[in-house]
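Heavy atoms only: backbone and side chains are in, while hydrogens, waters and symmetry mates are out. Since the structure is predicted, the reported quantities are computational estimates derived from the model, not experimental observations. Counting convention: from 1, in listed order, for ligands and their atoms alike. Counting begins at 1 with the first residue of the sequence.
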Amino acid sequence: MGTEAMQERTEKNAGSVVGPVILLGAPGAGKGTQAQRISEHFGIPQISTGDTLRDHIRRKTPLGNQARDQMEHGQLVADQVVCEMVAERITRPDCERGFILDGFPRTLKQAQWLDRHLAQKHMFETDQGCRKQPIVIQLTVEYNDLLRRLTGRRTCPTCGRIYNANTSQKPLVEGVCDLDGSVLVIRNDDCEEVIVERLKNYEAQTLPLVSYYEMRKRLHAVNGSASRLDAITAEACKAIEHGDCV
Ligand code: ADP
């Protein structure tokens, strides 16, 4: 999508209710990158459970101390902990028009909890009594591409922008953020051993969510190849704009 068309859409979307958006995909599929772009397009916040957990670890909160070990070994953090974190975050005023979940839900239990929670809290209900259901965008990427992306991933510790030393998403100057000049960092869990564990966990725990959302007719699969960065955003935004009210 061209910049002008994108801007026009962004303005058009400024006041409307978007509802919940879920980005589903393996580690390295590009959820974070697309979540940032979709968030700018619709003017709704990106909620990354991974980023929130890493923030807790940096601040050494009780939750962070509890989650650190699991994250460093590529294991999932307990459902209850993550669900409580999301429950608190989505009640904030900036989520009134909608939000993008990046990295949540990751297990069947989390998906069931989210559906229950949105219904119980009457979130995104219209005056006509119908409710905006979550739109799920699944980013599909081949295993070898995932490995290549994860081993090249670099993040800006200041603004959170994601770069990749192994793809076309390189920064202008190696190792430095284009936006604020910070030195880019490699995540603790982006070492090969932990990456393989995370991919295994994805297949076992998160892949079942594909059929969960497919059965509920909420799934939009998008080819997540790196060369399609703009096309992915455009396809995802279109699916979100056409989301049904049930
Ligand atoms: P990636 O998708 O590339 O693995 P994330 O930043 O989304 O990266 O997650 C990093 C780690 O944070 C996960 O491996 C897991 O330990 C923890 N985590 C993030 N989201 C969840 C979640 N919804 N449920 C359980 N653990 C989570």
Side-chain angles (χ1 to χ4, degrees), residues 20-36 38-39 45-59 61 63-90 99-115 117 134 136-141 143 145-157 160-164 166-167 169 185-210 212-213 224 226:
V21 176
I22 294 168
L23 286 182
L24 200 62
K31 299 186 298 290
T33 302
Q34 288 301 328
Q36 280 172 358
I38 299 168
S39 156
Q46 167 193 4
I47 300 174
S48 158
T49 40
D51 283 350
T52 311
L53 288 166
R54 278 185 287 278
D55 183 54
H56 276 278
I57 292 177
R58 256 192 308 272
R59 292 188 288 118
T61 66
L63 195 158
N65 295 336
Q66 200 183 325
R68 187 192 301 114
D69 213 35
Q70 284 145 319
M71 284 182 76
E72 280 177 359
H73 290 93
Q75 306 292 334
L76 293 188
V77 174
D79 288 328
Q80 199 198 336
V81 172
V82 188
C83 290
E84 274 173 25
M85 214 169 73
V86 171
E88 185 279 322
R89 179 64 187 88
I90 64 178
F99 48 81
I100 304 161
L101 293 170
D102 151 19
F104 184 94
R106 237 180 173 92
T107 63
L108 220 42
K109 282 224 167 85
Q110 292 178 13
Q112 289 160 341
W113 171 87
L114 182 67
D115 278 339
H117 187 80
V136 184
I137 309 290
Q138 183 201 7
L139 299 175
T140 58
V141 178
Y143 190 86
D145 275 346
L146 293 173
L147 272 183
R148 203 164 48 89
R149 289 191 198 183
L150 288 165
T151 48
R153 180 155 69 181
R154 309 284 181 269
T155 316
C156 173
R161 184 160 283 243
I162 303 160
Y163 297 90
N164 203 302
N166 294 344
T167 71
Q169 271 184 286
V185 296
I186 303 178
R187 269 171 41 178
N188 276 350
D189 58 351
D190 275 346
C191 65
E192 194 140 351
E193 225 171 89
V194 180
I195 287 172
V196 170
E197 187 62 28
R198 281 157 60 206
L199 290 171
K200 251 202 297 195
N201 278 329
Y202 171 76
E203 294 221 341
Q205 313 217 44
T206 312
L207 219 48
L209 294 190
V210 170
Y212 178 86
Y213 287 120

Assess the side chains of Q75 and E197: does a donor N or O sit below 3.5 Å from an acceptor N or O? yes
Going by the rule ring-ring contact (aromatic ring centres under 6.0 Å, His included), which residues pair with H117 if we only count those two or more places apart in sequence or in a different chain? W113
Could you see which bit of M71 sits under 4.0 Å from ligand 1, with heavy atoms only: side chain, backbone, both or neither? both
Under 4.0 Å between heavy atoms, the region of D102 that gets near ligand 1 turns out to be neither
Looking only at protein heavy atoms, which one is nearest to atom 20 (N) of ligand 1, and how far off is it? T49 OG1, 2.8 Å
Write out the residue and atom name of the closest protein heavy atom to atom 3 (O) of ligand 1, then the distance separating them to 0.1 Å. R198 NH2, 2.8 Å
Give a yes or no on whether a salt bridge exists between D145 and R149, defined as a side-chain N under 4.0 angstrom from a carboxylate O. no
Side chain or backbone of V82 under 4.0 Å from ligand 1, or both, or neither, by non-hydrogen atoms? side chain
At under 4.0 Å between heavy atoms, is it the side chain or the backbone of R187 that contacts ligand 1, or both, or neither? side chain
Under 3.5 Å between any N/O of K31 and any N/O of ligand 1: does that happen in this structure? yes
Pull out every atom of ligand 1 sitting under 4.0 Å from any heavy atom of D189, numbered as shown with elements. 10 (C)
Pick from R106, Q205, M85: the one approaching atom 13 (C) of ligand 1 most closely through a non-hydrogen atom: R106
Can you confirm whether more than 12 heavy atoms, excluding those of Q112, are under 6.0 Å from its CD atom? yes
Approximate separation, where rounding is to 0.5 Å, of Q205 CD and R198 CZ: 14.0 Å
Find the distance between CD (E192) and CG (L147) and round it off to the nearest 0.5 Å. 6.0 Å
Looking at ligand 1, would E197 count as a contact under a 4.0 Å heavy-atom criterion? no
Residue pairs passing the salt bridge (Lys or Arg N to Asp or Glu O under 4.0 Å) test where at least one lies in residues 64-85, sequence neighbours excluded: none
Identify whether the distance between the nearest side-chain nitrogen and carboxylate oxygen of R58 and D51 falls below 4.0 Å. no
Do any nitrogen or oxygen atoms of L150 come within less than 3.5 Å of a nitrogen or oxygen of ligand 1? no
Verify, without hydrogens or angle tests, whether T206 (side chain) and R106 (backbone) share a donor-acceptor contact under 3.5 angstrom. yes
Can you measure from CZ (R153) to CD (Q169) and round to the nearest 0.5 angstrom? 10.5 Å
Does only the side chain of L53 get under 4.0 Å from ligand 1, or the backbone, or both, or neither? Count heavy atoms. side chain
Does a sphere of radius 6.0 Å around CD in E88 hold more than 12 heavy atoms from other residues, nucleotides or ligands, not counting ones at 6.0 Å or beyond? yes
Does ligand 1 have a heavy atom under 4.0 Å from the side chain of R153, from its backbone, from both, or from neither? side chain
Counting from 1, what ligand 1 atoms have a heavy atom of R54 closer than 4.0 Å? 6 (O), 10 (C)
Quick check: S48 and ligand 1, any N/O pair under 3.5 Å apart? no
Assess whether atom CZ of R54 is packed by more than 12 heavy atoms of other residues, nucleotides or ligands within 6.0 Å. yes
Is the shortest N/O to N/O distance between Q75 and ligand 1 below 3.5 Å? yes
Any N or O of V77 closer than 3.5 Å to N or O of ligand 1: yes
Backbone or side-chain N or O of Q110 under 3.5 Å from ligand 1 N or O: yes
For the 3.5 Å polar cut-off, considering only N or O atoms, please tell me whether Q70 and ligand 1 meet it. no
